Amino acid sequence: MATNIAKPIKRRGIKGEGVWGYAFIAVALVVFAMFTAYPVVSAFIISLQEYKPLGSTYVGFANYASSLKDPLFWQAMRNTVVYTILTVPVNLILSMVIAILILPLRKKTQGFFKGIYYLPVVASGVALSVVWLWIFDPLEGGILNQFIHFFGFSNQNWLGSSKTAMFSLVLMSWLSSHGTSIIIYLAGLLGIDDTFYEAAEMDGANFFQKLWYIVVPSLKPATLFLLVTGVIGSFQVFQNAYLMTGGGPNNATTMVGLLIFNNAFTYFEFGKAAAQSLILAVIIAGISVLQFKFAGKDVDY
């Protein structure tokens with residue numbers, strides 16, 4: 001009678017190429033652990049405490065409950081949503097239009113305009129804010145006030161009035177944050193095969209038909225990427241509000257990022273600030289998932 005003798009299973013260790021693979025990603029894993037994973041875990045632990053440098057008290061989810069009941073938190077969230085709705089779609093459209101206008105130019109001319117539009121991206125945010133503070137100067141010397149004088153309007157206190165403060169930040173975004181988007185859209189436009197345009201011309205398509213049926217669908221992957229990153233960036237906006245208005249007047253421009261900063265480094269409520277930052281992270285993650293679900297259905301990479 002034949003008997004089956006089980007053979008010992010050989011366990012494969014990490015050898016050869018496997019060792020080198022882990023060696024190459026080791027630095028990235030260490031950086032991720034130190035600057036992403038650890039801060040997130042630390043923020044969650046702090047959010048469960050009434051944090052003090054010399055001794056913290058565990059309070060559970062009290063900081064989360066306090067944040068969700070805070071009217072200022074919801075006002076800051078509403079301001080952030082309004083800012084996002086007004087800036088992200090307009091910036092995408094402007095960037096696409098500018099990229100389309102640059103595309104037919106010669107390479108050297110293209111490079112010139114790409115450098116001009118990308119310059120604000122590499123410039124100091126503080127320097128840009130100083131320039132915009134000059135533009136929004138409420139006195140007659142302010143550039144924007146000089147401009148509206150031609151249309152018969154009087155001086156406006158652009159950053160000091162709750163009616164115009166948010167619009168001022170939105171206008172600043174419209175006119176100074178297109179460099180990266182233009183570069184990405186130009187790369188997408190250069191990747192469209194000329195045969196599509198030739199076939200459309202043979203069928204009698206005009207410029208706008210080619211734009212709608214060829215360019216816009218071909219740029220969907222780039223648009224989705226810029227949409228997701230744009231929404232994430234606008235929900236995390238801090239610098240503009242902090243340097244231009246400080247969140248005023250009457251919290252009209254207080255964004256969630258600025259509120260978190262103030263809670264942490266002005267009022268030293270680190271537990272509440274950590275809780276609000278994690279709430280914001282969950283909201284951003286949820287919006288990103290919805291964007292991929294509804295806007296990325298027919299996107300091919």
Side-chain angles (χ1 to χ4, degrees), residues 35-36 39-40 43 72-73 75-92 94-95 116-138 142-144 157-162 164-184 225-270 272-274 276-281 283-285 287-288:
F35 298 104
T36 301
V40 170
L72 182 57
F73 175 77
Q75 182 179 354
M77 185 62 69
R78 183 171 60 252
N79 291 340
T80 305
V81 172
V82 169
Y83 179 84
T84 300
I85 293 174
L86 293 177
T87 57
V88 175
V90 175
N91 286 343
L92 289 179
L94 289 175
S95 299
I116 291 295
Y117 281 107
Y118 197 76
L119 186 60
V121 178
V122 299
S124 168
V126 176
L128 290 176
S129 297
V130 170
V131 173
W132 278 100
L133 285 172
W134 179 34
I135 294 174
F136 290 129
D137 192 330
I143 295 177
L144 193 53
N157 188 5
W158 298 101
L159 300 174
S161 172
S162 58
T164 57
M166 178 61 75
F167 170 76
S168 301
L169 297 183
V170 171
L171 180 63
M172 180 179 175
S173 175
W174 285 348
L175 299 179
S176 62
S177 58
H178 306 297
T180 303
S181 301
I182 291 172
I183 300 298
I184 293 175
F225 170 76
L226 293 173
L227 177 64
V228 173
T229 56
V231 170
I232 292 174
S234 63
F235 264 82
Q236 295 177 331
V237 66
F238 163 75
Q239 179 176 274
N240 293 353
Y242 178 72
L243 295 175
M244 301 295 292
T245 64
N250 299 322
N251 294 311
T253 58
T254 298
M255 310 294 183
V256 179
L258 180 60
L259 178 65
I260 293 171
F261 175 86
N262 288 335
N263 283 332
F265 301 107
T266 302
Y267 307 115
F268 301 106
E269 297 182 1
F270 295 103
K272 188 174 183 179
Q276 291 174 347
S277 66
L278 292 175
I279 293 173
L280 178 61
I283 292 174
I284 292 174
I287 293 175
S288 299

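Excluded from the calculations below are hydrogen atoms, water molecules and symmetry mates; all remaining heavy atoms, backbone and side chain alike, are included. None of these values were measured; they are calculated from a predicted model.
The nearest pair of heavy atoms linking L159 to S168 is CD2-CB, 3.6 Å. Pairing each heavy atom of L259 with each of A76, the nearest pair is CD2-CB, 4.0 Å. Between G160 and P249, the shortest heavy-atom contact is O-CG, 3.5 Å. Taking each heavy atom of P89 and I85 in turn, the nearest pair found is CD-O, 3.1 Å. Residues P120 and S176 come closest through the heavy atom pair CB-O, 3.8 Å. Scanning both residues, L258 and A241, for their nearest heavy atoms gives CD2-CB, 4.1 Å.
Put simply, CD1 on I260 and CD1 on I279 are 8.5 Å apart, with the number rounded to the nearest 0.5 Å. Residue L169 holds its CG atom at 9.0 Å from OG of S173, rounded to the nearest 0.5 Å. Rounded to the nearest 0.5 Å, atoms CG (L92) and OG1 (T87) are 9.0 Å apart. Of the inter-residue distances, the one linking L86 atom CG with F167 atom CZ reads 10.0 Å to the nearest 0.5 angstrom. Remark: L280 CG to I232 CD1 distance equals 10.5 Å, nearest 0.5 Å. Note that CG of N79 is 4.0 Å distant from CE of M166, once rounded to the nearest 0.5 Å.
For residues 253-270, every residue pair satisfying the side chain to side chain donor-acceptor pair (under 3.5 Å) rule, not counting sequence neighbours, is listed here: T245-T253, N251-T254, N263-Q276.
No side-chain donor-acceptor contact under 3.5 Å links S161 to the backbone of W158. Remark: the backbone N or O of V231 is paired with a side-chain donor or acceptor of S234 at under 3.5 angstrom.
Between T229 and T180 there is no side-chain heavy-atom pair separated by less than 4.5 Å. Between N157 and T164, the closest side-chain pair of non-hydrogen atoms is not below 4.5 Å. Looking at L119 and V122, their side chains come closer than 4.5 Å, going by heavy atoms from C-beta outward.
A search for side chain to side chain contact (heavy atoms under 4.5 Å, CB included) contacts involving T80 returns T84, F235, M255, V256, not counting sequence neighbours.
With a 6.0 Å radius and a threshold of 12 heavy atoms from other residues, nucleotides or ligands, Y242 has its OH atom at or below the threshold.
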Name the atoms and distances for all side-chain donor-acceptor pairs under 3.5 Å in residues 128-138, with sequence neighbours left out.
{"unit_1": "S129", "atom_1": "OG", "unit_2": "G125", "atom_2": "O", "d": "2.9"}
{"unit_1": "D137", "atom_1": "OD1", "unit_2": "L139", "atom_2": "N", "d": "3.0"}

